[in-house]
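Along the sequence shown, the residues carry numbers beginning at 1.
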Amino acid sequence: MIEVYQKENVVCVEGTIESFGRKVYVYLVDGMLVDTGPEKLQRDLIHFYKEHPMDLVALTHSHEDHTGTAAWIQEHLNIPIYLHRKSIQLCEQPGDYPEYRQQTWGGRKAFRALPLPETIPSRTQEWLLSRRLAMQTIMCLF
């Protein structure tokens with residue numbers, strides 16, 4: 001189940017894994033999707049993706065609750081997906097997670113990501129990322 005709401009210029013998606021009561025968040029700002037959410041919420045997130053056009057995806061890290069629907073986005077929306085360079089090779093293979101994480105979040109299919117640049121242009125802004133903190137810089141802007 002997801003709840004979509006807006007805070008200033010950010011569309012926030014709050015997903016709840018009902019069987020575990022765990023929450024996960026996806027953000028859409030200026031055409032840039034930050035994280036893709038878990039596979040367990042894919043059906044709901046696909047509806048969101050179809051209703052909210054986006055130009056690119058920026059992933060904060062490779063865990064399945066942040067990258068679980070990246071493969072679907074890559075296959076169906078054909079937009080660039082950015083990830084820290086150290087995680088790219090890992091995500092080119094299906095996620096290999098312990099059973100408890102698969103039960104909580106679902107899996108992660110393999111996808112191809114581009115290295116996260118120092119700046120990411122969105123529709124009207126350029127997002128400056130620190131080399132060391134990468135996407136945490138973007139997250140602080142929310």
Enquirer: When you compare the side chain of Pro115 with that of Ile88, does any pair of heavy atoms fall below 4.5 Å?
Expert: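 Counting from C-beta outward, Ile88 and Pro115 do come under 4.5 Å.
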Enquirer: Under the criterion side-chain contact (heavy atoms from CB on, under 4.5 Å), I'd like the reasoning laid out for Phe111 against Leu59: C-alpha separation, chi angles, the key distance, then a yes or no.
Expert: CA-CA 12 Å; Phe111 65 94; Leu59 298 170; 3.6 Å; yes
Enquirer: When rounded to the nearest 0.5 angstrom, what is the spacing between OG1 in Thr119 and CH2 in Trp127?
Expert: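 Separation between the atoms: 12.5 Å.
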Enquirer: Can you classify the ring geometry of His61 versus His63 as parallel (below 30°), tilted (30 to 60°) or perpendicular (above 60°)?
Expert: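 It falls in the perpendicular class, over 60°.
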Enquirer: Which atoms form the tightest heavy-atom contact between Leu83 and Cys91, and what is the distance?
Expert: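 Result for this residue pair: CD2-SG, 3.6 Å.
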Enquirer: For the pair Ile120 and Met32, evaluate side-chain contact (heavy atoms from CB on, under 4.5 Å) and give the outcome as yes or no after the intermediate values.
Expert: CA-CA 9 Å; Ile120 295 180; Met32 176 176 58; 4.0 Å; yes
Enquirer: Say you draw a straight line from CD1 of Ile2 to CG of Leu41; how long is it, rounded to the nearest 0.5 Å?
Expert: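 Those atoms lie 7.5 Å apart.
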Enquirer: In the structure I gave you, are the side-chain heavy atoms of Trp72 and Leu77 within less than 4.5 Å of one another anywhere?
Expert: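 Yes, at least one pair of side-chain atoms sits under 4.5 Å.
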Enquirer: Within the structure provided, determine whether Lys109 and Glu39 are in side-chain contact (heavy-atom separation under 4.5 Å).
Expert: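 Lys109 reaches Glu39 side chain to side chain.
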Enquirer: Heavy-atom count check: over 12 atoms from other residues, nucleotides or ligands less than 6.0 Å from Arg123 CZ?
Expert: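 More than 12 heavy atoms, drawn from other residues, nucleotides or ligands, come within 6.0 Å of this atom.
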Enquirer: Flag the pair Glu14 and Lys23 as a salt bridge only when some basic side-chain nitrogen lies within less than 4.0 angstrom of an acidic carboxylate oxygen.
Expert: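 A salt bridge is present here (some side-chain N lies under 4.0 Å from a carboxylate O).
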Enquirer: Assess whether side-chain contact (heavy atoms from CB on, under 4.5 Å) is satisfied between Ser122 and Val29, documenting all intermediate values.
Expert: CA-CA 8 Å; Ser122 62; Val29 58; over 6 Å; no
Enquirer: So do Arg22 and Thr104 actually touch side chain to side chain, heavy atoms under 4.5 Å?
Expert: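 Yes. Closest side-chain heavy atoms under 4.5 Å.
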Enquirer: Would you say His66's side chain and Ser62's backbone share a donor-acceptor pair under 3.5 angstrom?
Expert: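 A pair under 3.5 Å: no.
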Enquirer: If you round to the nearest 0.5 Å, how far is CD of Gln74 from OG1 of Thr36?
Expert: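 Spacing of OG1 (Thr36) from CD (Gln74) equals 11.0 Å.
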Enquirer: Mind checking whether Trp105 and Leu90 sit in one hydrophobic cluster, side chains of I, L, V, M, F, W, Y counted as touching below 4.5 Å?
Expert: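 Hydrophobic grouping puts Trp105 apart from Leu90.
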Enquirer: Supply the atom-to-atom distance Arg85 CZ to Leu116 CG, rounded to the nearest 0.5 angstrom.
Expert: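 Arg85 CZ to Leu116 CG: 10.5 Å, rounded to 0.5 Å.
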Enquirer: Looking at Arg101 and Glu64, is any side-chain nitrogen of the basic one under 4.0 Å from a carboxylate oxygen of the acidic one?
Expert: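 A salt bridge is present here (some side-chain N lies under 4.0 Å from a carboxylate O).
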Enquirer: May I ask you to decide if Thr124's main-chain N or O and Asp30's side chain share a donor-acceptor pair within less than 3.5 Å?
Expert: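 Here the side-chain-to-backbone pair exists.
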Enquirer: To the nearest 0.5 Å, how far apart are CD1 in Ile81 and CG in Leu33?
Expert: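 If we round to the nearest 0.5 Å, Ile81:CD1 and Leu33:CG are 9.0 Å apart.
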Enquirer: Could you tell me whether Asp55 atom CG has more than 12 heavy atoms of other residues or ligands within 6.0 Å of it?
Expert: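 Enclosed.
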Enquirer: Would you say the side chain of Tyr97 lies within less than 4.5 Å of the side chain of Arg108, judging by non-hydrogen atoms?
Expert: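 Side chain of Arg108 against side chain of Tyr97, heavy atoms only: contact under 4.5 Å found.
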Enquirer: Can you get from Met54 to Val11 by hopping between Ile, Leu, Val, Met, Phe, Trp and Tyr side chains that sit under 4.5 Å apart?
Expert: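 Yes, it is one cluster - the side chains of Met54 and Val11 are joined through contacts under 4.5 Å.
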Enquirer: Which one of Thr69, Thr60, Thr67 satisfies the side-chain hydrogen bond (donor to acceptor under 3.5 Å, both in side chains) criterion with Asp35?
Expert: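 One option only clears the test, and that one is Thr60.
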Enquirer: Check whether any side-chain heavy atom of Lys7 sits under 4.5 Å from a side-chain heavy atom of Cys12, and report yes or no.
Expert: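 When only atoms from C-beta onward are counted, Cys12 and Lys7 do touch, with a gap below 4.5 Å.
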Enquirer: Between Glu126 (side chain only) and Leu128 (backbone N and O only), is there a donor and an acceptor less than 3.5 Å apart?
Expert: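 Not at all, since once roles are kept as given, no pair shorter than 3.5 Å links the two residues.
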Enquirer: Got a second to check how far Tyr49's OH is from Leu45's CG, nearest 0.5 Å?
Expert: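 Rounded to the nearest 0.5 Å, the OH-CG separation comes out at 4.5 Å.
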Enquirer: Same hydrophobic cluster for Met1 and Tyr27, using side-chain heavy-atom links shorter than 4.5 Å among ILVMFWY?
Expert: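 Hydrophobic grouping puts Met1 apart from Tyr27.
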Enquirer: Would you mind reporting whether Tyr82 and Val57 have side-chain heavy atoms less than 4.5 Å apart?
Expert: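 SC-SC contact between Val57 and Tyr82 ruled out.
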